[in-house]
Novice: 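Please find one structure pasted underneath; my questions will follow.
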Amino acid sequence: MKKHVWTVIPAFLFLAVLMIPMSGITVIYNPIVGFIELGVTMIVITVIFIAVLRFRNYIREVAKSAMEDCFDPSKKSLEMIKTPVAICGTHGEVIAYNALFRRSFLDEYEGVNAPITTFIPGVDLEQAVKRGVFDSEFAGRRFTTFVRPTEQGMMFEFIDDTYYKNIVDQYYDTKTSVALIVFDNIEDFSPDADQEAAAAHLAAENILYGWATEYDILMRRLGENRYIAILEEEILNRQMEDKFSLLDAIRSIRYHGRPATLSIGIGHGCVSMTESASKARKALDMSLGRGGDQVAILTDNEYVFFGGVAKGVEKTSKVKVRAISQQIAEAIEMSDRVLVTGHRFSDLDCIGAATGIYSLVTKKYDKTCHIVTDIDRSMARDMIKQLSTARDDMFIYPDSGILLTGARTLLIIVDTQSPDFIESERLYKNCGNVIVIDHHRKMVNSIDNASVFLHEPSASSASELVTEVIEYLADDVINQMEAEALLAGIMLDTKNFVINTGVRTFEAAAFLRKKGADTVAVRNVFANSLDNYREKSLLVSSAQIINHCAVTVADDSSRSSRLVCAQAADDLLMIQDTYASFVISRIDMRTINISARSFGKMNVQLVMEALGGGGHQTMAATQLKGVSLEEAKEQLIEVLEDWEFK
């Protein structure tokens, strides 16, 4: 009943204070009654004040009694606490404890002077005291432990919540994720091919089903080469710790010298199976877009990748390009003008692909078109100069291109898919429609608002893809000079048809040759000046080998051109027993560039992604801000030394 009295005291005090001005008004009209009211008001306020003081004393006494009962170090008061409690000295030695602590931690034996760290294994005592509360385990039991410092020691109180923590762990361990699985090169292992192919196909499937059985994963076939799997969190964590060794097991199956490969997309950390399946589809698209032979896990819009060591699977079918070519044609017809752009520091592949699109738009569809690039910073200035002789308005600077943007302006981006790498971000944002044509492996931050996305990581170059588009839409729109620009782009990215070269690459080159492309003239595009040759030779001669990788650093004072650095990276691959090459150079006062090349033994895209860049399996790059050449080299070496070749 008493506690209810305390709750109405504020109301009484408010009314008493309100009575003071009322009494003053009454005094004006009837002084006797007014003074009586004023006296009663003061009495009420005095009574309330005394009641408040008594209430505060009551609180103080209750708190003092509780503190004395709980913190008195005597055995009697410790037994009043209904949880295991131990009192320790300044050095963490146990001085006193209650019976519950003895039963839970000492098995009825004495534990005086034993270090408290014996009962909280793996916990830093100093950090624990600072935090005040921490989780601990002992003898199979799990506790939430509270520690309270005292004048000459500390007191530990253990809350045994083993049951609840096990339930929480079981909940998280049994949360399910959806995985979508695809055989990348099922065409090569089709059971209809021959008996050897059928045996390889069966062996690969047996490995996949054996993996699902071993880890208690529910898996069902969706089609000839597609599967869906449901796996729990605990199993997924084990696979991640094992770095998905399933990929290596599948890769061990070979047919005619080619390994079987898998691509897996997993939707993780979702509240429903539907959301997990949706994320799994996105993750699978990312895995395939990066060349396959890898696992992509999508969690909260962040990707985690495993694998990706095999060469990309070449797609011999052109059905996809043919279908997308029609979409590109429709987009061009619906636009008022077309702008074509690529990545910063445009190279021959970028300019060649842009030239092919320019010819298609202006000659087939009679639309206004310009190629937007920073000519002064381009690595293909000689090619731009040759092409500009026919049309002086063919190439324009980004500032001029921005003035031509609008809702009905179509922007076609070639040889890049990242908004961070394009020539002008404002150009990209101001255009009403965007098309992307790229051959680099899919990046996490790729352009996501393109109406058409022609992406073939198995293609040798953007020029190859544009050549195929031209073949389907209008094979008579390019002249000899434009064909040579496209062929130069293909030759640049294939290193004269040595790497990333497939059947479709030679078919595209044959088409360009038929259109008059002169291979000798194209070869002259790659000719070096004497100064550039000397600079390249200096870079090659100063290289050092680190874990089968050639690494060289350009002189900080020379400002080596990106073209020379790229050529030096290509030449370094000729060194015996070298799997990849890296050339580090300074672009400006704040930016360091790293060019990476390989013949496929090492996926340099993964190396550059570790440093914030990207690219293709055999050709990639990154830019580091605010570091010196030596610091950039140290970061690269740290990644290379941890690299494991498979």
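These values consider heavy atoms only, across backbone and side chains, with no hydrogens, waters or symmetry-generated copies. It should be emphasised that the depicted structure is a prediction, and the values quoted were computed from it without experimental measurement.
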Novice: Under 3.5 Å, which donor-acceptor pairs link side chains of residues 394-404 to any protein atom two or more places apart or in another chain?
Specialist:
unit_1, atom_1, unit_2, atom_2, d
Tyr397, OH, Asp376, OD1, 3.0
Tyr397, OH, Asp376, OD2, 3.4

Novice: Taking it one step at a time, do Met383 and Leu348 satisfy side chain to side chain contact (heavy atoms under 4.5 Å, CB included)?
Specialist: CA-CA 8 Å; Met383 178 64 72; Leu348 287 171; 3.9 Å; yes
Novice: Is Asp248 paired with Arg251 through a side-chain N to carboxylate O contact shorter than 4.0 Å?
Specialist: yes
Novice: Distance only, no hydrogens: is a donor on one side chain within 3.5 Å (strictly under) of an acceptor on the other, for Ser378 and Ser346?
Specialist: yes
Novice: Establish, from distance only, whether the side-chain atoms of His439 and Asn500 form a donor-acceptor pair under 3.5 Å.
Specialist: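 Their side chains do not contain a donor-acceptor pair, so the 3.5 Å distance test is not met.
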Novice: Please name the pair of heavy atoms, one in Gly516 and one in Gln480, separated by the smallest distance, quoted to 0.1 Å.
Specialist: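 Minimum heavy-atom contact is O-CG, 3.0 Å.
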Novice: When rounded to the nearest 0.5 angstrom, what is the spacing between CZ in Phe306 and CD in Gln294?
Specialist: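 So the CZ of Phe306 and the CD of Gln294 are separated by 11.5 Å.
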Novice: Any side-chain heavy atom of Leu180 within less than 4.5 Å of one from Leu222?
Specialist: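 Yes, side chains in contact.
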Novice: Could you go through Glu423 and Asp374, starting from their C-alpha distance and side-chain angles, then the distance that decides it, and tell me whether this counts as side chain to side chain contact (heavy atoms under 4.5 Å, CB included)?
Specialist: CA-CA 7 Å; Glu423 192 72 70; Asp374 190 337; 3.4 Å; yes
Novice: Angle class for the His455/Phe453 ring planes (parallel below 30°, perpendicular above 60°, tilted otherwise)?
Specialist: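 Answer is perpendicular, since the angle exceeds 60°.
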Novice: Among Leu247, Asp293, Val182, exactly one meets side-chain contact (heavy atoms from CB on, under 4.5 Å) together with Leu262. Which residue is that?
Specialist: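 Passing option: Leu247.
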Novice: To the nearest 0.5 Å, tell me how far Leu288 CG sits from Ser458 OG.
Specialist: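 Separation between the atoms: 11.0 Å.
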Novice: Classify the angle between the aromatic ring planes of Tyr227 and Phe183 as parallel (below 30°), tilted (30 to 60°) or perpendicular (above 60°).
Specialist: perpendicular
Novice: Ignoring hydrogens and geometry, is there a side-chain-to-backbone donor-acceptor pair from Thr501 to Ile499 under 3.5 Å?
Specialist: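 Side chain of Thr501 to backbone of Ile499: a pair is present.
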Novice: Between the side chains of Ser460 and Asp493, is a donor N or O closer than 3.5 angstrom to an acceptor N or O?
Specialist: no
Novice: Roughly how far, to the nearest 0.5 Å, is the CD1 atom of Ile470 from the CD1 atom of Ile478?
Specialist: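 Nearest 0.5 Å value for the CD1-CD1 distance: 5.0 Å.
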Novice: Answer yes or no: are there more than 12 heavy-atom neighbours, outside Arg322 itself, under 6.0 Å from its atom CZ?
Specialist: yes
Novice: Is there a side-chain contact between Ile594 and Leu624 in this structure, where contact means two heavy atoms from C-beta onward sitting under 4.5 Å apart?
Specialist: yes
Novice: Dump the intermediate steps for side chain to side chain contact (heavy atoms under 4.5 Å, CB included) on Lys364 and Leu473, then the final yes or no.
Specialist: CA-CA 8 Å; Lys364 168 70 175 178; Leu473 296 181; 5.5 Å; no
Novice: Using side-chain heavy atoms (C-beta onward) and a distance below 4.5 Å, is Arg290 in contact with Met286?
Specialist: yes
Novice: Taking atom NZ of Lys282 as the centre, does the number of heavy atoms from other residues, nucleotides or ligands within less than 6.0 Å exceed 12?
Specialist: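 Result for NZ/Lys282: open.
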Novice: Can you confirm whether Met608 sits close enough to Phe582 that some side-chain heavy atom of one is under 4.5 Å from a side-chain heavy atom of the other?
Specialist: yes
Novice: Please round to the nearest 0.5 Å and tell me the distance separating atom CZ of Phe421 and atom OG of Ser446.
Specialist: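 That separation rounds to 11.5 Å.
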Novice: Which distance, rounded to the nearest 0.5 Å, do you find between the CG of Leu611 and the CG of Leu606?
Specialist: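 Here the rounded value is 11.5 Å.
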Novice: Answer yes or no: are there more than 12 heavy-atom neighbours, outside Met273 itself, under 6.0 Å from its atom CE?
Specialist: yes
Novice: Would you find more than 12 non-hydrogen atoms of other residues, nucleotides or ligands less than 6.0 Å from Arg221 atom CZ?
Specialist: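 More than 12 within 6.0 Å, yes.
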Novice: So do the side chains of Leu636 and Val607 get within less than 4.5 Å of each other, counting heavy atoms only?
Specialist: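 Leu636 reaches Val607 side chain to side chain.
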Novice: Can the positive tip of Lys495 be found less than 6.0 Å from the middle of the six-membered ring of Phe599, inside 45° of the ring normal?
Specialist: no
Novice: Tell me whether the count of non-hydrogen atoms from other residues, nucleotides or ligands lying under 6.0 Å of CG in Asp382 goes above 12.
Specialist: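 Counting neighbours around CG of Asp382, 12 or fewer heavy atoms of other residues, nucleotides or ligands fall under 6.0 Å, so no.
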Novice: Just how far is it from atom CD1 of Ile371 to atom CG of Leu339, taken to the nearest 0.5 Å?
Specialist: 10.5 Å
Novice: Pair Lys279, Asp300 - check side chain to side chain contact (heavy atoms under 4.5 Å, CB included), show working.
Specialist: CA-CA 9 Å; Lys279 283 189 175 182; Asp300 296 330; 4.2 Å; yes
Novice: Side chains of Glu464 and Thr505: any donor to acceptor distance under 3.5 Å?
Specialist: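 Glu464 and Thr505 do have a side-chain donor-acceptor pair below 3.5 Å.
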Novice: For a 4.5 angstrom cut-off between non-hydrogen side-chain atoms, does Val525 reach Met491?
Specialist: no
Novice: Between the main-chain N or O of Ala580 and the side-chain N or O of Ser598, is there a donor-acceptor pair closer than 3.5 Å?
Specialist: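 Looks like no, no N/O pair under 3.5 Å.
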Novice: Is there a side-chain contact between Met219 and Ile181 (heavy atoms, below 4.5 Å)?
Specialist: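 Yes, side chains in contact.
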Novice: Going by the salt bridge (Lys or Arg N to Asp or Glu O under 4.0 Å) test, which pairs reach into residues 326-350, not counting sequence neighbours?
Specialist: Asp336-Arg408
Novice: Please identify which of these residues, Asp420, Asp415, Asp438, Thr416, meets the side chain to side chain donor-acceptor pair (under 3.5 Å) condition with His343.
Specialist: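 That would be Asp415.
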Novice: Have Ser359 and Glu482 got a donor and an acceptor in their side chains that come within less than 3.5 Å?
Specialist: yes
Novice: Counting C-beta onward and ignoring hydrogens, is there a side-chain heavy-atom pair between Leu284 and Arg226 closer than 4.5 Å?
Specialist: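 Side-chain contact under 4.5 Å: yes.
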Novice: Measure from the side-chain N and O atoms of Ser287 to the backbone N and O of Ala283, and report whether any donor-acceptor pair falls under 3.5 Å.
Specialist: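 No; judged by distance alone, with no hydrogens or angles, the pair does not exist.
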